[in-house]
**Q** 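Mind having a look at this structure? Questions to follow.
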Amino acid sequence: MELQQVLLKHPTYILNYGVSRINIRLGAFKRMGLDSKCVVSCMSLTTKKFERRFNVRLDETQLEKSNLTRYERFGQLLASELECDAVVVEKIIKRCAQVLALSEQNILATIGFLRHSLRFTNNEIKKVIKNIPNVLFLTNGTLQGKVDYLQNDVFGGDFDSMQKVVLKFPSVLSIQPENMQARIDFLLGVVDGNMGRVQRAIVYYPHILGSKLQTLETNAEVLLQHWFQGNNTSFQEGVLKAPNALTRNTELTQRRIEQVLQLGLNYESHANLNFLMKTEDTYGTWLGNRQEEAKDRRVNGC
């Protein structure tokens, strides 16, 4: 097992033991002809215990902070700037190991942008970086362009709405403005050009900006024709209350609509679209309860 494999499988070792120490112990195993996989279970041993167990001399006395590698510096930088613990650092590295190649200057510039331009707290910055580590690769100019587009073009200068969207859906920072605009144009078509309604829908469920346009279009057609029976007013009201219904798997949406319609329910008797967002388990329970109610109605002649 090489150093890179150890670090990718066990990123917390970067903070707990340091790359230099890992390298020294891997080298000792290699010289002894032992399976280097065993080093993973022996990292927590003190130097003396390690030497006694394997009858080998380790030169770990010269390890100094001045010799920290980029792996260790990355972990310590996040710990000092954002109070990130080893678990958070591990998740970031597992999502995007390439962040270890970034310079301290680049990382600090992105953290500074999120802190000052978006007014995020340390915990909020941690959430953004943990969700999309590749945000650290974006220049401040690129980030500013996307923030300006959201704040000015989408929300008419409303900083708070823009901030809520980025915090709810950090991946929005990695989406090109033209791709977001295509989703917004679609929503405007759904609600007859009412931008205020579109803004509220985006703040409620910003993930819609990252959904496939074809999925949105197909789901809209299925909901309008099959669930709302062509009633455009009811369709608009339903979608604005639950814009996430447009992002669901289309086949799943159609199947559930057919099952619910077979029970004698429709958009007039069952106005909300929550049944489309339920997990398979909770939907199964919900459907079973509705089936029992339908049986009771038949028995009672209702």
**Q** Apply side-chain contact (heavy atoms from CB on, under 4.5 Å) to Glu104 and Leu108, showing your working.
**A** CA-CA 6 Å; Glu104 181 176 318; Leu108 288 175; 3.8 Å; yes

**Q** Any side-chain heavy-atom pair from Leu223 and Tyr267 closer than 4.5 angstrom?
**A**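 Leu223 vs Tyr267: side chains apart.
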
**Q** In terms of side-chain geometry, is the basic nitrogen of Lys127 or Glu124 positioned less than 4.0 Å from the acidic oxygen of its partner?
**A**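 Result for this pair is no, no salt bridge flagged.
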
**Q** For the residue pair Phe275 and Trp286, does the interplanar ring angle fall in the parallel (under 30°), tilted (30 to 60°) or perpendicular (over 60°) class?
**A**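 If you compare the ring of Phe275 with that of Trp286, the planes turn out parallel.
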
**Q** How far apart are the closest heavy atoms of Ile175 and Lys146, and which atoms are they?
**A**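 It is O-CE, 3.5 Å.
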
**Q** Quick test of your reading of the model: are Arg256 and Glu280 salt-bridged, counting only N-O distances below 4.0 Å?
**A**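 Yes, charged N to carboxylate O under 4.0 Å.
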
**Q** Check step by step if side-chain contact (heavy atoms from CB on, under 4.5 Å) holds for Phe137 and Asn106.
**A** CA-CA 8 Å; Phe137 289 91; Asn106 287 344; over 6 Å; no

**Q** Between Thr253 and Trp227, is a side-chain contact (heavy atoms from CB on, under 4.5 Å) present by the stated rule, with each step listed?
**A** CA-CA 10 Å; Thr253 296; Trp227 181 246; over 6 Å; no

**Q** Going through the distances and angles, do Val147 and Ser117 end up as a side-chain contact (heavy atoms from CB on, under 4.5 Å)?
**A** CA-CA 9 Å; Val147 166; Ser117 296; over 6 Å; no

**Q** Determine the minimum heavy-atom distance between Ile208 and Arg183, stating which atoms define it.
**A**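 Smallest heavy-atom distance, with atoms named: O-CG, 3.5 Å.
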
**Q** Using a 6.0 Å cut-off, check whether atom CD of Gln229 has over 12 heavy atoms from anything other than its own residue.
**A**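 Yes - once you tally the heavy atoms of other residues, nucleotides and ligands closer than 6.0 Å, there are more than 12.
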
**Q** Under a single-linkage definition using a 4.5 Å side-chain heavy-atom cutoff for Ile, Leu, Val, Met, Phe, Trp and Tyr, are Leu252 and Leu216 assigned to the same hydrophobic cluster?
**A**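 Hydrophobic grouping puts Leu252 apart from Leu216.
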
**Q** Are Glu293 and Asn289 linked by a side-chain donor-acceptor pair shorter than 3.5 Å?
**A**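 Short answer, no.
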
**Q** Is the closest side-chain heavy-atom distance between Ile129 and Ile111 below 4.5 Å?
**A**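 Yes, at least one pair of side-chain atoms sits under 4.5 Å.
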
**Q** Please tell me whether Gln236 and Asp192 have a donor and an acceptor in their side chains that are separated by less than 3.5 angstrom.
**A**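 Note: Gln236 and Asp192 side chains meet the donor-acceptor criterion.
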
